[in-house]
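Here's the structure we're looking at; comments come further down.
Proteins get letters first, then strands, A, B, ... in listed order; numbering begins at 1 in each.
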Protein chains: 6
Amino acid sequence: MQVTTFGEIMLRLTVPGNQKFVQTDWFHANYGGAEANVAVSLALLGDQATFITKLPNNILGDTVIQKLNEFGVDTNRIVRGGKRLGLYFLQPGAGVRSSKVIYDRNDSAFAASKDGDYHWDELLDGTDYFYISGITPALSEELQATLLSAVKFCQDHSIKVIYDANFRGKLWTADEANTFNSKILPFVDICLVNDEDLENAFGLKAFDNRNHQAIHEKDSFKQSLEELTTNYPNIKLVASILRNIYSAQKSDWQAILLTDHKFYESSTYNMQVVPEVAAGDAFGAAIVHGVLNNFKPQFQVDYAIAAATLKLTIPGDFNLSRDSEIRDAMTR
Amino acid sequence: MQVTTFGEIMLRLTVPGNQKFVQTDWFHANYGGAEANVAVSLALLGDQATFITKLPNNILGDTVIQKLNEFGVDTNRIVRGGKRLGLYFLQPGAGVRSSKVIYDRNDSAFAASKDGDYHWDELLDGTDYFYISGITPALSEELQATLLSAVKFCQDHSIKVIYDANFRGKLWTADEANTFNSKILPFVDICLVNDEDLENAFGLKAFDNRNHQAIHEKDSFKQSLEELTTNYPNIKLVASILRNIYSAQKSDWQAILLTDHKFYESSTYNMQVVPEVAAGDAFGAAIVHGVLNNFKPQFQVDYAIAAATLKLTIPGDFNLSRDSEIRDAMTR
Amino acid sequence: MQVTTFGEIMLRLTVPGNQKFVQTDWFHANYGGAEANVAVSLALLGDQATFITKLPNNILGDTVIQKLNEFGVDTNRIVRGGKRLGLYFLQPGAGVRSSKVIYDRNDSAFAASKDGDYHWDELLDGTDYFYISGITPALSEELQATLLSAVKFCQDHSIKVIYDANFRGKLWTADEANTFNSKILPFVDICLVNDEDLENAFGLKAFDNRNHQAIHEKDSFKQSLEELTTNYPNIKLVASILRNIYSAQKSDWQAILLTDHKFYESSTYNMQVVPEVAAGDAFGAAIVHGVLNNFKPQFQVDYAIAAATLKLTIPGDFNLSRDSEIRDAMTR
Amino acid sequence: MQVTTFGEIMLRLTVPGNQKFVQTDWFHANYGGAEANVAVSLALLGDQATFITKLPNNILGDTVIQKLNEFGVDTNRIVRGGKRLGLYFLQPGAGVRSSKVIYDRNDSAFAASKDGDYHWDELLDGTDYFYISGITPALSEELQATLLSAVKFCQDHSIKVIYDANFRGKLWTADEANTFNSKILPFVDICLVNDEDLENAFGLKAFDNRNHQAIHEKDSFKQSLEELTTNYPNIKLVASILRNIYSAQKSDWQAILLTDHKFYESSTYNMQVVPEVAAGDAFGAAIVHGVLNNFKPQFQVDYAIAAATLKLTIPGDFNLSRDSEIRDAMTR
Amino acid sequence: MQVTTFGEIMLRLTVPGNQKFVQTDWFHANYGGAEANVAVSLALLGDQATFITKLPNNILGDTVIQKLNEFGVDTNRIVRGGKRLGLYFLQPGAGVRSSKVIYDRNDSAFAASKDGDYHWDELLDGTDYFYISGITPALSEELQATLLSAVKFCQDHSIKVIYDANFRGKLWTADEANTFNSKILPFVDICLVNDEDLENAFGLKAFDNRNHQAIHEKDSFKQSLEELTTNYPNIKLVASILRNIYSAQKSDWQAILLTDHKFYESSTYNMQVVPEVAAGDAFGAAIVHGVLNNFKPQFQVDYAIAAATLKLTIPGDFNLSRDSEIRDAMTR
Amino acid sequence: MQVTTFGEIMLRLTVPGNQKFVQTDWFHANYGGAEANVAVSLALLGDQATFITKLPNNILGDTVIQKLNEFGVDTNRIVRGGKRLGLYFLQPGAGVRSSKVIYDRNDSAFAASKDGDYHWDELLDGTDYFYISGITPALSEELQATLLSAVKFCQDHSIKVIYDANFRGKLWTADEANTFNSKILPFVDICLVNDEDLENAFGLKAFDNRNHQAIHEKDSFKQSLEELTTNYPNIKLVASILRNIYSAQKSDWQAILLTDHKFYESSTYNMQVVPEVAAGDAFGAAIVHGVLNNFKPQFQVDYAIAAATLKLTIPGDFNLSRDSEIRDAMTR
Ligand SMILES: [Ca+2]
Ligand SMILES: [Ca+2]
Ligand SMILES: [Ca+2]
Ligand SMILES: [Ca+2]
Ligand SMILES: [Ca+2]
Ligand SMILES: [Ca+2]
Ligand SMILES: [Ca+2]
Ligand SMILES: [Ca+2]
Ligand SMILES: [Ca+2]
Ligand SMILES: [Ca+2]
Ligand SMILES: [Ca+2]
Ligand SMILES: [Ca+2]
Ligand code: NI
Ligand code: NI
Ligand code: NI
Ligand code: NI
Ligand code: NI
Ligand code: NI
Ligand code: NI
Ligand code: NI
Ligand code: NI
Ligand code: NI
Ligand code: NI
Ligand code: NI
Ligand code: NI
Ligand code: NI
Ligand code: NI
Ligand code: NI
Ligand code: NI
Ligand code: NI
């Protein structure tokens, strides 16, 4: 079984040690992106994972490839060319202080890539699963067209499509997301849609006025997930992370999984300090790992929420956890 | 509207990373002092701020000036001369471990400065507000005399005086503070006096035996603030931070403001880890910023407590927050 | 009064900053071991402390000795020789992530040392107390024999023996520990046995199925301590740390002390983040310091739990606290 | 006397410690650009210096302004707007290894700025000298037009123009540079043109086949400088750095100055390791400082080469040297 | 064309920043070993490279594999098992101060590995070149036997053998080396033997009493190389680095290559500071890269010495240079 | 044989990494002083060394003592009290840039100490050698008196006196030094006087107009040393370091020793980069070590210059070299 993920990977430049931009002489550098993160997770879990993107033909592009190779991701299908590597600056928040992000990705090799850059028959040759997220269509109309042609190719070649809603309010509006998603959802086999994405990405009423209290709103959330699978019966499995966020220091995390008309709920994790990112990608990868390895649904959702919370303890965007570590975290 | 602050700025040498003095090969260096911190805050909030002090005529003195220039403080009226820059060593506390401070400021350029060093007619020419704190009179009798001649000058030239009680038990006794404060309070227009300073600095009974529980003691605290404004009707506005301190990791923070016989209370912030210092100075600066910009009292006190808690997330002594960031913190 | 401790000291190589092994280019290095830690604590508290071990005749061995000298431990009786310094790699845990240890100590100078390496008549000449722990007999049968010959020497020369149970499940089984401990306990004057060690090391039923809830199980724990002193009336004092561990971020700590058929309990400390190690050694050292200085039992147990919790705030294995700092922590 | 400089300032992200891109997790960050560097030098030397550029309206733009304020540069005339801050990545060379630069400045706020962004009557109001370099016209034709309209304004308002040839082969060709320079040179009062720039920027034969041996080629170089001042009699002063570069570790540096038909030569400095950049900007600033302060030509050229070599000892792009330090370096 | 290298890879723990062991709290960690270094070089140069070793079944073993994957080395044939990863501590020298190494590799997984651990028919299936060095036979007699059985397998299957003499005086004597080398040389196709290895490893008189002056002794050195190829006519190519070492800061480096009875000499590089290691491995890899790609002998030796001197500028054991960078260094 | 050294030890705060004061957020901290450095050297060489000074009764004072204990110096006779620890800030030079020192030692515990603080009969009880330097008398007249009373005590009790001239032009004038030295030299048994100290400290003509070329001026230097021993026949041994200083990067170092009317010269070391300090103290300690261990004069001077140049490779003020390392450096 072989999984291919497709999306952008960027350089993240992070202000260290609670400082503000004006205080720092140093940026911590790491490379990440939702779909690349998923490929790394799968490779470390022992699955065969290929990552496809477009990277500039310079040393930074080479560096990204080496970082992915380190973890066993197949990088041989990456397209090279374009002007620059997308990047963003992050000044993490602390206490009452919000985090600040300065995106600098507009004309990156990937964001400016064209449908013609991707020859899906070659790129997807031999793959079994195709993993994409709602970040890519938010980057350009060209990439929307590319994604649609890719999922059509998948439908024609019995490649399963996994779609993580991953709504990004800084890249497009909820309306734009709805419009595109209604075109792609008919092709999706497995759907990942975390708490606040459900309303924004799919236009389904998830919550009843209580912001950041998704676990408390689990009933209405489930109802909408059922509606989703009724509308798109091609979707055989949906999984979501729900969070009650009390403060930057305190939140509860629970996952639910819907398959074959039945819901499975993980236990709830009480999180205290959450400095790191990309838990959703770790979750998505773990769900896919479960699919590839025929996990029972209850085990699958328990495994995936453990992978997500484990990611929050690891610096960088990649979930460097191995299978034994996720199973260990499930028992704590 | 132009604000002038006057006081000492020192080099702080901090032991990093939870270490003890004997473990470290490195000290983190930053420059700060209550009144300089206020000037930096105001300059970053867009107000015109001048800082006056006396600095030695060496590279460390030059460095202090550059650090203040960075944030837009007017440093042209700083007096140069004297023997050395005041400094102190800080080994921050952790858990049950107290922080340790070794002051090394005795014969600093400022602490040893003389009344004759300061020509108030030139130094305060064109200013509208004069900001001082209870640290300066604690340094020497000479500086007490200097302060009194300065506030008299202010009274004669319609410059408003802002006084932060800022009691420092390592520098003088409560009795000495009382004696001096009874001389200066008749000249004060705006008074800042945080929880534990009220009894020590002004000899007014603030609490009823419950240490570090100022919010629980709010009623008696308010009563004493009323007494203060009755005794000194020249004081048109008083603002205070009150804290319930449960442990090094847990405290509640609330601010109150008294003006025109009416109290205004901010919402209460639950703070979890408070590694950084100088919240009081950020609070004072925000109160002054409100005065300069005609904030309504309720907004002013809400704004100021947000500025104070925001400071606690920022390394160093300066509150590097801009207006938009304080307003953002008010909504979290 | 002179105390001699005997055991292994190793190099600890720690992955910094929440990283995983594969992420780091740096290891933090420090030297520590239960019995060396005790010697350092005692020397810093003003007692005369000698540490005995066997160290390789290379620069790392020299370095260990200098590190101990720094704190005033007498290192003149350390035996030199053997192949290498024992070491271990530590990747600390975080949140749901367990810590990982890779021990690399098998053929260290100490672990491979022989009974003939230690001439107890010379090594213990002039000492009043001999401090050992259950780590040493877990390393080899040869070291078991060495320890037994040492405590016999103590018995013959009126040297008091202090034994910290310190069960290490990675080094031997509970059965093996029981067998050895039944041989050494008849020689012990003061016994330290922290919560989970009691069942493992001595085979005494301590808890009633509630793991990591030792304070809640205090009654059954006390009963077993009484049984211990009944079985071995030579044991004049037993002290234990009990912990309720709720999560990696939250635990309660309390100490109890049994002497002359009476129990003394310390107040309970609520600990929030516990990144550092070797609290048990700090506790043991503080108990011994109390014995040497005739502390009253209630003060002794309060002092020792303060020393233990203080250690948790200090990087490295050594408790760098001085007497005044422990007394300060007792009041917080 | 007031000097205004105009050009781009960028974020430099440098790989630390001899590493290659793929090895580093950190980038050192500093801000610099030829004309900004000159403004900082002048402000630190006590002259009045204003820097004009266009910066994006985000935190990175704010940070640049604070960094300039720190050294006393007037930043009040900086234009805000545009998409992003220009940046570049630098992997410094070592031994036989070349340095690698990845420019990422194409659509920066400054590079994409329009003639209409700069209102020269307001921006140059009150200035005496206008300092520009050959980097700006290499960025766009729009900026060429802007520069020409600016120098015409200067001619009309008796503002002296200083032009540093600063040829950048990665930004335009020698032919393009020649074409533009022949348009701007008629407006120039003071010209800076370092060794290899002379041929590239002005199309004047400087060397006789001996690359990187400018001091050995001093005669032909001088001849061309005379030709330059003959062709453009408006140029009253020309100054140049000449270098014999033997290896990355070894070079000789000498400066010459031509004014009133007479050449002045500095002594020659033997440089051993030259890790840092922006010596040419330090040189240009020192020449301007000499003009503003009526230095005698011989002293001026000696002072300027000392400033240049001093810069090479200082990390970052700014020459943080003060007057006394340059004079001290002249005597070593 | 596929190359397999076989040998030990260890963890190197280096004292940073000119410190001594007793001064440092940190060790820099990197992984390297002669034959692994060669595999990394080849993979980065675009050749197919497989590395075979035996690694312990723990996280450190996994980490080594990931570090090799990062650069594209095939790690799928690595044998797992054994007790520990070999490691060594390095305190680099400076000026008159020698470097200090503490080896801690005795019972590593590789050093203790047995002939039966390596099934050469599977491990070498499909390979064209087999690269080994004189370090491996110095580790144990068992590994000597293993190597001899491997090269016999190569002879039988037309796999070319490359042997780097790499004499290590701390691991065995010159006599022991001679004895083993006389057994393996009849199987060798390409031989690498750097200056001081020639006498020690092969017992051929290379120098005439002038230590560390190999370039000055080039004639006698060449004579012995001719003798080597006369004695072992199976050796079709020999390459050597010769160095005149004047001081820690100053040395000359030249390479010679003997093939088909003809010598080719590179130009000489004057090296100034040489902090880094593993130049010989970079040289060997570049020679092999030349063989795989049919470089002409003169170009091959020029290319290889450039690769070696380039390695000296790169931290760690791996030569992270790509082909374009080596060609660039050849022109400097 | 027991040696006692007496003088000040200070905290040095060093700007790291070629930065200037205004650039750094960090100071590197280490503790050192000429006479303390000598005590550390001797202790590491295996001699019995006691250091006497006066230190403040705070954590910084305690820290100094622990740092000395680490290397085996006897610190039990250190006097405690006074106001503060002396300190100084160092911004090291680079290339043409001078180093900058800001002393902040005026009212340190030692500098302000009184004759009555030191009870020489107790402090020197049991010592054989008393080591002092010309820094101490430069600090105050009180300390001059103290030293004279100490050396008189030595004369009366057959304790040999070693005096290092160590002229410090920032602390007193050459005239003042001459006056004091003429009083103390009659008590001196062994005199250390490095190149430029000879004229300044003792008023003896050492050089003939060639500054920083002491080796070239060896003849006149020797003549003056003979004059010194003629004037003070009590001086049985004089040793000096002579340096030709060509630039910050290049110098030659040679030592000479005069005893029993005969000169002994070491070989000359060509030094390339000399970042570190306190070579003179390492030299003095090595001379004393030679005296204590009856080295032959030629070996003694060779050993001492090796110790001095070795020190220059070691960060901090202490020469952490052991005997075997000095002997190793002698052969390089
Ligand atoms: Ca800074
Ligand atoms: Ca997501
Ligand atoms: Ca402060
Ligand atoms: Ca305050
Ligand atoms: Ca324990
Ligand atoms: Ca890395
Ligand atoms: Ca620049
Ligand atoms: Ca230039
Ligand atoms: Ca240290
Ligand atoms: Ca190696
Ligand atoms: Ca080699
Ligand atoms: Ca000296
Ligand atoms: Ni920096
Ligand atoms: Ni991410
Ligand atoms: Ni990170
Ligand atoms: Ni250090
Ligand atoms: Ni340290
Ligand atoms: Ni702090
Ligand atoms: Ni890393
Ligand atoms: Ni590194
Ligand atoms: Ni590295
Ligand atoms: Ni430990
Ligand atoms: Ni990192
Ligand atoms: Ni640079
Ligand atoms: Ni440390
Ligand atoms: Ni190295
Ligand atoms: Ni900086
Ligand atoms: Ni900092
Ligand atoms: Ni800072
Ligand atoms: Ni020193």
Side-chain angles (χ1 to χ4, degrees), chain C residues 10-17 19-32 55-70 82-93 97-109 111-112 170 315-318, chain E residues 10-17 19-32 55-70 82-93 97-109 111-112 170 315-318:
Chain C
M10 294 191 288
L11 168 58
R12 165 156 61 110
L13 293 162
T14 307
V15 178
Q19 294 182 108
K20 300 191 74 179
F21 278 112
V22 78
Q23 294 179 294
T24 194
D25 290 338
W26 292 96
F27 289 107
H28 190 269
N30 77 294
Y31 302 86
L55 286 173
N57 223 327
N58 63 20
I59 313 181
L60 290 176
D62 296 346
T63 297
V64 169
I65 288 174
Q66 293 195 11
K67 295 293 180 193
L68 293 166
N69 286 345
E70 182 173 346
K83 283 201 289 191
R84 55 188 295 265
L85 184 68
L87 56 89
Y88 65 106
F89 297 89
L90 173 66
Q91 178 187 281
R97 179 149 64 91
S98 306
S99 69
K100 298 275 182 199
V101 175
I102 302 179
Y103 279 109
D104 188 5
R105 67 191 293 184
N106 269 344
D107 50 357
S108 71
K170 291 201 172 171
D317 284 70
F318 298 155
Chain E
M10 295 191 286
L11 168 59
R12 167 156 59 110
L13 294 162
T14 307
V15 178
Q19 295 181 107
K20 300 191 75 180
F21 277 112
V22 77
Q23 293 180 295
T24 195
D25 289 337
W26 292 95
F27 289 108
H28 190 268
N30 78 294
Y31 301 87
L55 286 173
N57 225 328
N58 62 20
I59 313 180
L60 289 176
D62 296 346
T63 297
V64 169
I65 287 175
Q66 294 195 13
K67 295 293 178 192
L68 293 166
N69 286 345
E70 182 173 346
K83 283 200 288 192
R84 55 188 295 263
L85 183 68
L87 56 89
Y88 66 106
F89 296 88
L90 174 66
Q91 177 186 285
R97 180 149 62 93
S98 307
S99 69
K100 298 274 181 197
V101 174
I102 302 180
Y103 280 107
D104 187 5
R105 67 193 293 184
N106 270 345
D107 51 356
S108 71
K170 290 201 173 171
D317 284 69
F318 299 156

C:L13 versus chain E, the contacting section by heavy-atom distance below 4.5 Å: side chain
Structural part of E:K20 lying under 4.5 Å from a heavy atom of chain C: neither
Per-residue contact mode, E:N106 against chain C (heavy atom under 4.5 angstrom): side chain
Pairwise distance CD1(E:I59) to CD(C:Q91) - rounded to 0.5 angstrom: 5.0 Å
From CH2 (E:W26) to CH2 (C:W26), nearest 0.5 Å: 8.5 Å
Chain E contact via C:I102 - side chain, backbone, both or neither, heavy atoms under 4.5 Å: side chain
Spatial distance of atom CD (C:Q23) from atom CD (E:Q66) [nearest 0.5 Å]: 10.0 Å
Closest contact, heavy atoms only, E:V22 versus C:K67: O-NZ, 3.2 Å
When C:N58, C:T14, C:L87, C:L60 are compared by non-hydrogen pairs under 4.5 Å with chain E, the top option: C:L60
Part of C:L11 within contact of chain E (heavy atom distance under 4.5 Å): side chain
Side-chain (C:K83) to main-chain (E:D104) donor-acceptor, under 3.5 angstrom: no
Side chain, backbone, both or neither of C:D107 within contact of chain E (heavy atoms, under 4.5 Å): side chain
Atom group of C:F89 that falls short of 4.5 Å from chain E, counting heavy atoms: side chain
